[in-house]
Amino acid sequence: MGKEIFTFGGKLFLKLIIVNIMCFFIIMSFSVLSTAAFTKNIGYTAYGTTSESSEQQELYTYYYDDGEDTKLKEYEDSGVTVSKSTIRSPMSKTGNILFLTVSQVFSLLILIAFIYPNIWDLGTKDSNLVRFKHKEEDRLKGLKIGLVAVVPLYLARIALVVFKLGVFPKFPLALHRFFNSSFYALIQAITGKAGTVGEASWWRMILLFLPPIIIPAIAWLAYALGIRNFSIGEKLIYKKNKE
C-alpha cells in the first residue's frame with residue numbers, strides 16, 4: 001500500500017476519535033432520556049448530618065413497597081438532618097432495547113457522515129486523474145484506507161484477548177464500550193451481562209472483532225461510488241423532482 005493510503009488512513013483514524021467523543025455524548029443524552037421515560041422512583045437512600053458533624057453518613061435504604069417510612073421521623077426527632085437520594089427501578093427491557101437501537105442508529109449516522117463524504121470526494125478526484133492517465137486505478141483504495149484506520153481498533157481488541165488470558169481478566173468491558181462509543185450498542189449486545197473480559201465467553205470475545213468492519217465497508221462503498229462519479233444525494237433529488 002502506498003504512502004497516500006496510510007496518510008488518509010491515519011487521518012480517518014483521527015476522525016474516528018472525534019466520532020467516538022460525539023457518540024459518547026449522544027449515548028449519555030439518550031441514556032438520561034431513557035432513564036426518565038422507562039424507569040420510576042422506587043425508594044431512596046437516606047443520609048444524615050448532625051449539628052456536631054457536617055459529614056454525611058448513610059443511614060438506611062427505604063423502598064416505597066415497604067410501607068410507611070418510620071425511621072425518618074426517628075432520625076429527625078433525634079436532631080439528625082436527613083437528605084434523600086432517589087433510587088430508580090432498572091430500565092425495562094423495552095426501554096433498554098429502544099435506547100440501544102436509537103443510540104446505535106444515531107451513532108452510525110455520525111460515523112457515515114464523517115467517513116463517506118471525504119472518501120467519496122477522493123474517489124471523484126482519482127476518477128479524473130485515472131481518466132487522463134495521471135494515476136493508476138485502484139478500486140480497493142477506499143477499503144485499504146478503511147483497513148489502515150481500524151488497525152488501532154483491532155490492536156485494542158487483541159489486548160482484550162490478552163487480558164482475558166490472565167494478564168488483566170478484571171478489565172471492565174464498560175471502558176471498552178465507552179472508548180468505542182460509535183459501536184456502543186453493538187458491543188453491549190455482544191457482551192451481554194458480562195462485566196469484565198474474564199466473565200465474557202470466548203465466542204463473545206471473537207464477535208467483538210466484527211463491529212469495526214463497518215468502517216472499511218463504508219470507506220470502500222464511498223470510494224467505489226466516488227470513482228464512478230455516482231452521487232446518491234443527486235440521484236435521490238433527481239428522482240424526487242422527476243416524481
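Numbers here are sequence positions counted from 1.
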Practice prompt. State plainly whether one hydrophobic cluster holds both Ile187 and Phe25, where clusters connect Ile, Leu, Val, Met, Phe, Trp and Tyr through side-chain heavy atoms under 4.5 angstrom apart.
Written response: yes

Discussion item. I need the Ile145 CD1 to Thr7 OG1 distance, nearest 0.5 Å.
Written reply: 9.5 Å

Discussion item. Can you confirm whether Val197 sits close enough to His176 that some side-chain heavy atom of one is under 4.5 Å from a side-chain heavy atom of the other?
Written reply: no

Practice prompt. Step by step, work out the side-chain contact (heavy atoms from CB on, under 4.5 Å) result for Glu4 and Asp138.
Written response: CA-CA 12 Å; Glu4 186 182 25; Asp138 183 359; over 6 Å; no

Worksheet item: How about Leu160 and Lys164: do any of their side-chain heavy atoms sit closer than 4.5 Å?
Response: no

Discussion item. With a 3.5 Å distance limit and no angle check, can you tell me whether Trp120 reaches the backbone of Phe230 through a side-chain donor-acceptor pair?
Written reply: yes

Worksheet item: Do you know the tightest heavy-atom contact between Phe38 and Gly95?
Response: CG-CA, 3.5 Å

Worksheet item: Where do Leu225 and Tyr116 land on the side-chain contact (heavy atoms from CB on, under 4.5 Å) test, with the steps shown first?
Response: CA-CA 10 Å; Leu225 294 180; Tyr116 189 92; 3.2 Å; yes

Discussion item. Using the rule that Ile, Leu, Val, Met, Phe, Trp and Tyr join whenever any side-chain heavy atoms are under 4.5 Å apart, tell me whether Ile190 and Ile214 fall into a single cluster.
Written reply: yes

Worksheet item: Does some side-chain heavy atom of Arg177 sit less than 4.5 Å from a side-chain heavy atom of Ile27?
Response: no

Response to the item:
Of all heavy-atom pairs linking Leu173 and Ala200, the shortest is CD1-CB, 4.2 Å

Worksheet item: Distance from Ile110 atom CD1 to Ile21 atom CD1, nearest 0.5 Å?
Response: 12.0 Å

Practice prompt. In sequence, state the C-alpha distance, the side-chain angles, and the governing distance for Ile87 and Thr45, and then conclude on side-chain contact (heavy atoms from CB on, under 4.5 Å).
Written response: CA-CA 7 Å; Ile87 300 174; Thr45 300; 3.5 Å; yes

Response to the item:
Which of Tyr64, Tyr60, Tyr62 passes side chain to side chain donor-acceptor pair (under 3.5 Å) with Asp69? It is Tyr60

Worksheet item: Do Phe13 and Ile18 belong together in a cluster built from hydrophobic side chains that touch within less than 4.5 Å?
Response: yes

Worksheet item: Is Leu12 reachable from Ile213 through a run of hydrophobic residues whose side-chain heavy atoms are each under 4.5 Å from the next?
Response: yes

Discussion item. Counting C-beta onward and ignoring hydrogens, is there a side-chain heavy-atom pair between Arg157 and Asn180 closer than 4.5 Å?
Written reply: yes

Worksheet entry | Approximate separation, where rounding is to 0.5 Å, of Cys23 SG and Gln104 CD | 8.0 Å

Worksheet item: Distance-only, no hydrogens or angles: does the Ser89 side chain make a donor-acceptor pair with backbone N or O of Lys40 under 3.5 Å?
Response: yes

Practice prompt. Looking only at non-hydrogen atoms, find the nearest pair between Pro212 and Pro216 and report the distance.
Written response: O-CD, 3.0 Å

Discussion item. Taking NZ in Lys135 as the centre, count heavy atoms belonging to other residues, nucleotides or ligands within less than 6.0 Å. Is the count above 12?
Written reply: yes

Discussion item. Just verifying a value: how many Å separate Leu165 CG and Met205 CE, rounded to the nearest 0.5 Å?
Written reply: 8.5 Å

Discussion item. Looking at Glu136, I'd like to know if its CD atom is crowded, meaning that more than 12 non-hydrogen atoms belonging to other residues, nucleotides or ligands lie closer than 6.0 Å.
Written reply: no

Worksheet item: Once the angle between the rings of Phe24 and Phe178 is folded into 0 to 90°, is it parallel (under 30°), tilted (30 to 60°) or perpendicular (over 60°)?
Response: perpendicular

Item to complete: Rounded to the nearest 0.5 Å, what's the gap from OH on Tyr47 to CD on Gln56? Could you check?
Response: 8.0 Å

Worksheet item: Side-chain contact, heavy-atom cut-off 4.5 Å: Arg139 with Arg228?
Response: yes

Practice prompt. Would you please name every residue forming a side chain to side chain contact (heavy atoms under 4.5 Å, CB included) with Leu14, sequence neighbours left out?
Written response: Ile17

Worksheet entry | CZ/Phe106: more than 12 non-hydrogen atoms of other groups inside 6.0 Å | no

Item to complete: May I ask you to establish whether Lys11 and Phe8 are in a cation-pi arrangement, using a distance under 6.0 Å from NZ or CZ to the six-membered ring centre and at most 45° from the ring axis?
Response: yes

Worksheet, complete the sentence: Of all heavy-atom pairs linking Thr35 and Arg88, the shortest is O-NH2, 3.6 Å

Worksheet item: According to a 4.5 Å side-chain heavy-atom criterion applied to Ile, Leu, Val, Met, Phe, Trp and Tyr, with indirect links allowed, do Met28 and Val102 form part of one hydrophobic cluster?
Response: yes

Fill in: Smallest separation among heavy atoms of Phe99 and Ser34, with atom names
CB-OG, 3.3 Å

Discussion item. Is any side-chain heavy atom of Phe114 closer than 4.5 Å to one of Leu16?
Written reply: no

Worksheet entry | Flag side-chain contact, heavy atom, 4.5 Å: Asn20 against Phe179 | no

Discussion item. Under a 3.5 Å distance rule, please check whether Glu76 uses its side chain to pair with a backbone N or O of Val80 as donor and acceptor.
Written reply: no

Practice prompt. Could you tell me the separation between the OG atom of Ser182 and the CD1 atom of Ile115, rounded to the nearest 0.5 Å?
Written response: 8.5 Å

Discussion item. Main chain of Tyr75, side chain of Ser78: is a donor-acceptor contact present, judged purely on distance under 3.5 Å?
Written reply: yes

Worksheet item: Aromatic rings Tyr154 and Phe209: how do their planes relate, parallel, tilted or perpendicular, breaks at 30° and 60°?
Response: parallel

Worksheet item: What are the two closest non-hydrogen atoms of Ile119 and Ala219, and how far apart are they?
Response: CG2-O, 3.3 Å

Worksheet item: For Ile227, which of Lys141, Lys125, Arg131, Glu137 qualifies under side chain to side chain contact (heavy atoms under 4.5 Å, CB included)?
Response: Glu137

Worksheet item: Does the side chain of Leu210 come within less than 4.5 Å of Phe183's, by heavy atoms?
Response: no

